[in-house]
Amino acid sequence: MGERPAILAVDDQAPVLGAVLRDLRRRYGKDYRILGAESAAAGHRLLEALALKNGSLALLVVDQRMPGKTGVEFLADAVHLFPGARRVLLTAFADTDAAIRAINEVRLDHYLMKPWDPPEERLYPVLDDLLEDWRAGFEPPFEGVRVLGHRWSPEGHRIKDYLTRNLVPFRWLDVEADPEGARLAELQGSNPQDLPLVFFPDGTSASRPGTPELGRRLGLRTDPRAASYDLAIVGAGPAGLAAAVYAASEGLSTLVIEREAPGGRAGMSSRIENYLGFPAGLSGGDLARRAVAQAKRFGAELLTPSDAVGLRVAGEYRVVELADGSEIAAQAVLIASGIAYGSLDVPGVDRLAGAGVYYGAALTEAMAVRDQDVFIVGGGNSAGQAAVYLAGVARSVTIMVRRTNLAQSMSRYLIAELEATPNVRLRTGVTVLEAMGQDRLEALKVLDASSGREETVPAYALFVFIGATARTEWLDGTLELGPKGYILTGPEVMREGRRPKGWTERRDPFLLESSVPGIFVAGDVRHGSVKRIASAVGEGSMAVQFVHGHLASRVLATRVPASPVAAPTGPLRPGPATRGVGTPVGTPMEPPSVSHRSAAARG
Ligand SMILES: Cc1cc2nc3c(=O)[nH]c(=O)nc-3n(C[C@H](O)[C@H](O)[C@H](O)COP(=O)(O)OP(=O)(O)OC[C@H]3O[C@@H](n4cnc5c(N)ncnc54)[C@H](O)[C@@H]3O)c2cc1C
C-alpha cells in the first residue's frame with residue numbers, strides 16, 4: 001500500500017491555518033495526509049517534494065490574501081504539478097470577484113467564505129463532494145522505481161536491463177517524449193549529464209547509479225551472512241540455481257554469487273517452450289523467480305550483484321575473490337557462470353551498443369521498439385524466440401543469418417512459429433558489415449551473398465544473438481581450460497590415466513569436477529555441455545552429489561587413509577561423517593583468513 005493521498009491547506013495567518021487543519025484532520029485524517037503551509041513559498045516546496053516522491057494530491061485549500069503571492073497565483077502554479085487536484089479558495093467577502101474570475105483562470109472548484117463554521121454545514125458537504133469526485137477519476141501513481149533518461153542512452157539501457165532481469169517493476173520516463181519525465185527533470189533541477197536518474201519508492205533518487213549501488217538501494221543482498229560456507233556457487237543461471245536448491249535442501253550451507261541477475265541467460269528468454277513440465281511454456285523471468293524462491297526457501301543465500309574475479313585454494317578451503325575486494329571461503333565451489341553473447345565485430349557496433357544495438361535484451365527493449373523495424377542477427381533458438389516476441393510489438397522483424405537456412409541451428413517448432421508470423425522476415429546468406437548512425441542506430445550496411453551486393457537498410461534497433469563465449473579469463477591459471485575458455489572436467493582433466501598436476505586427493509576427479517579438487521563445474525560453461533536449460537539444471541543437481549562425495553572423501557581420508565571414495569549414487573544427507581552442514585568431524589577446520597569489507601565500506 002502506498003502513502004495516503006494528501007490534502008494541502010495554505011494560509012499565512014497561523015490561527016486560520018490551525019483551524020482549517022484541525023477541521024480537515026477531524027473528518028479526513030484517516031484517509032488523507034493533511035499538510036499545512038504558512039506561506040505560498042512553503043506550500044510550493046511541499047508540493048514539489050510530493051511530486052518528486054510521486055505522491056498524490058487530492059485537494060488544495062488556499063487563502064486568497066497572502067503576502068508575495070495570491071491564492072489564485074499559487075493555484076495557477078500548483079495546477080502544473082497536480083493537474084487533477086481539486087481546488088478551493090478561502091476568501092473574505094471583499095475577494096469574491098477574484099474568486100469568481102479564478103473559476104475560469106485556474107479552474108477553481110469552489111470558493112469558501114471565512115469563517116466556515118459550523119464545518120458540518122459549510123465545509124464538509126462541499127469537500128466531501130469534491131473528494132468523491134477526485135476519487136472517481138483517481139489513478140494511483142506507479143509505486144515502483146522510476147528511471148528518467150534519454151531514449152538512446154546506453155546507461156539508461158544498462159539500468160533498464162538490470163531492473164528487468166532482477167524482476168524489479170519500474171517505469172521508464174523519456175525526458176524528451178514524456179511530459180511526466182520533463183516535469184520530473186525540471187523539478188529535480190537536473191542537468192543532462194545527471195541522467196539517467198533513478199527515483200526509488202522511498203522518495204530518494206540517484207544519478208547514473210552503478211549496478212552495485214542499484215542493488216544496494218533496492219535491498220538486494222550484497223554481503224554474505226556467514227564467514228564460510230559448505231558450497232559457494234558462482235552464477236545464478238539454471239545450473240547454479242538448481243545446485244542451490246539441491247545443496248540447500250540437503251543441508252549444505254550454500255551461497256550463490258551472481259554478477260547481474262538470477263536466471264542467467266535463461267532469464268533473457270521471452271518464452272521457454274521445451275522445458276519439461278511446462279506445456280504452455282514459461283518466460284525465463286518466471287523460471288528464475290520460481291527457482292530463486294525455491295532455493296531461498298531451503299536456506300540458500302543469494303548475493304547479487306556480486307562479481308567473482310578470482311579463485312584460490314587455501315588449505316581445505318576454496319576462496320572466491322569478489323570484485324569489491326571481499327572474499328568467500330567454502331569447502332567446495334561450483335562454477336556455473338554460463339556463457340555470454342559474443343560481440344558483433346563490425347564498425348559502429350561498439351559505439352552504438354545500448355543506443356540501438358543490443359546484446360540479447362529483447363525483453364528490456366521490446367516496448368521501446370513499438371511499431372518500428374528491427375533486426376536480429378543470429379540463427380539459434382534464442383534469436384528465434386526474440387523474433388517471435390518482438391514481432392508482437394515491432395512493425396517488422398528481420399532475422400539475418402550468414403548461412404543458407406536455420407534447420408541446423410534452430411528448433412523446428414520455432415522455425416514453424418516464425419514462418420507463421422507475418423511480420424517476421426528471414427534473410428539468409430546475409431552478413432552485417434556496419435552499424436550506422438550518429439548518436440543512435442539509424443541504418444545497417446549488409447552484404448547479400450546471393451547477389452553479391454551491399455545495401456544500406458534503415459534500422460531502428462539491432463538485437464545480437466551470436467557466438468557466445470565462456471568468459472573464464474578470471475580462472476585462467478587456476479583451472480584447466482579447453483578451447484574457447486570452456487572449463488574441462490572429469491575424464492577430460494586426466495592425462496593418459498594420470499590425475500591433473502597438483503591434484504591432492506586420493507581419488508580421480510569426479511565427473512563434473514575440474515582440475516582442482518573441490519571445484520566443480522556445471523552448465524553451459526563446462527566443456528562439452530549441451531546448451532540447454534534442462535541439461536544445465538541436470539548438471540547443477542548432479543554436481544551437488546559430487547560435492548557430497550568430495551566432503552565425505554575428505555572425512556574418510558582423515559579416518560581411513562588411502563581409501564578411494566566413489567561418487568555417491570543415492571540421495572545424500574550430511575550423515576555422521578559431517579558436522580551439521582558438512583564440516584568434517586575430526587578436522588577442526590578454521591576458515592582461512594579472508595578479507596571482508598568493513599561495515600563502513602558497505603555504506
Ligand atoms: C534468449 C535465450 C533463450 C533461450 N531459450 C532456451 C530454451 O527455450 N530452451 C533451452 O533449453 N535453452 C534455452 N536457452 C539456452 C539456456 O538459457 C542456457 O543453456 C542456460 O541458461 C545455461 O544455464 P547456465 O546456468 O549454465 O548459465 P547461464 O544461464 O548463462 O547463467 C550464468 C550466470 O552466471 C553469472 N556469472 C557469470 N560470470 C560470473 C562471475 N564471474 N561472477 C558472478 N556471476 C557470474 C551470469 O551473470 C549468469 O547469470 C536460451 C538462451 C537465451 C539467451
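Counting starts at 1 for both ligands and their atoms, following the listed order. Bear in mind that the values here come from a model prediction, so they are computed numbers and not experimental data.
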Of the protein's non-hydrogen atoms, which lies at the shortest distance from atom 46 (C) of ligand 1, and what is that distance? Glu258 OE2, 3.5 Å
Step by step, would you call Arg289 with Asp286 a salt bridge (charged side-chain N to carboxylate O under 4.0 Å, His left out)? CA-CA 5 Å; Arg289 191 172 42 75; Asp286 267 356; 2.8 Å; yes
Short N or O distance, Ala308 and ligand 1, threshold 3.5 Å exclusive: yes
Considering only heavy atoms of Gly237, which atoms of ligand 1 have at least one such atom less than 4.0 Å away? 25 (O), 29 (O), 31 (O), 33 (C)
Do Trp152 and Tyr358 have ring centres separated by under 6.0 Å? no
May I ask you to check whether Arg271 has an N/O atom sitting below 3.5 Å from an N/O atom of ligand 1? no
Under 4.5 Å between any side-chain heavy atoms of Thr398 and Ile376, yes or no? no
For Lys531, counting its heavy atoms only, list the atoms of ligand 1 lying under 4.0 Å from any of them. 19 (O)
Any N or O of Arg265 closer than 3.5 Å to N or O of ligand 1: yes
Please confirm whether Glu273 comes within less than 3.5 Å of ligand 1 when only nitrogen or oxygen atoms on both sides are compared. no
Give the atoms of ligand 1, by number and element, whose distance to some non-hydrogen atom of Ala266 is under 4.0 Å. 17 (O), 21 (O), 29 (O)
Sidechain-backbone polar pair: Ser153 side chain, Glu155 backbone, donor-acceptor under 3.5 Å: yes
Contacting atoms of ligand 1, where contact means under 4.0 angstrom from a heavy atom of Ser382: 1 (C), 2 (C), 3 (C), 52 (C), 53 (C)
Could an N or O of ligand 1 be found under 3.5 Å from any N or O of Gly523, whether backbone or side chain? no
If you compare Gly284, Gly235, Ser337 by their heavy atoms, the one closest to atom 32 (C) of ligand 1 turns out to be Ser337
Is the closest protein non-hydrogen atom to atom 50 (C) of ligand 1 under 4.0 Å? no
Hey, would you say the Tyr341 and Tyr359 ring centroids sit under 6.0 Å apart? no
Taking only heavy atoms of Asn274 into account, list the atoms of ligand 1 that are under 4.0 Å away from them. 7 (C), 8 (O), 9 (N), 10 (C), 11 (O)
Do ligand 1 and Val525 have nitrogen or oxygen atoms that lie under 3.5 Å from each other? no
Under 3.5 Å between some N or O of ligand 1 and some N or O of Ile533? yes
Phe510/His550 aromatic ring centres below 6.0 Å: no
Can we say Arg427 and Asp448 salt-bridge, meaning some charged N sits less than 4.0 Å from an Asp/Glu carboxylate O? yes
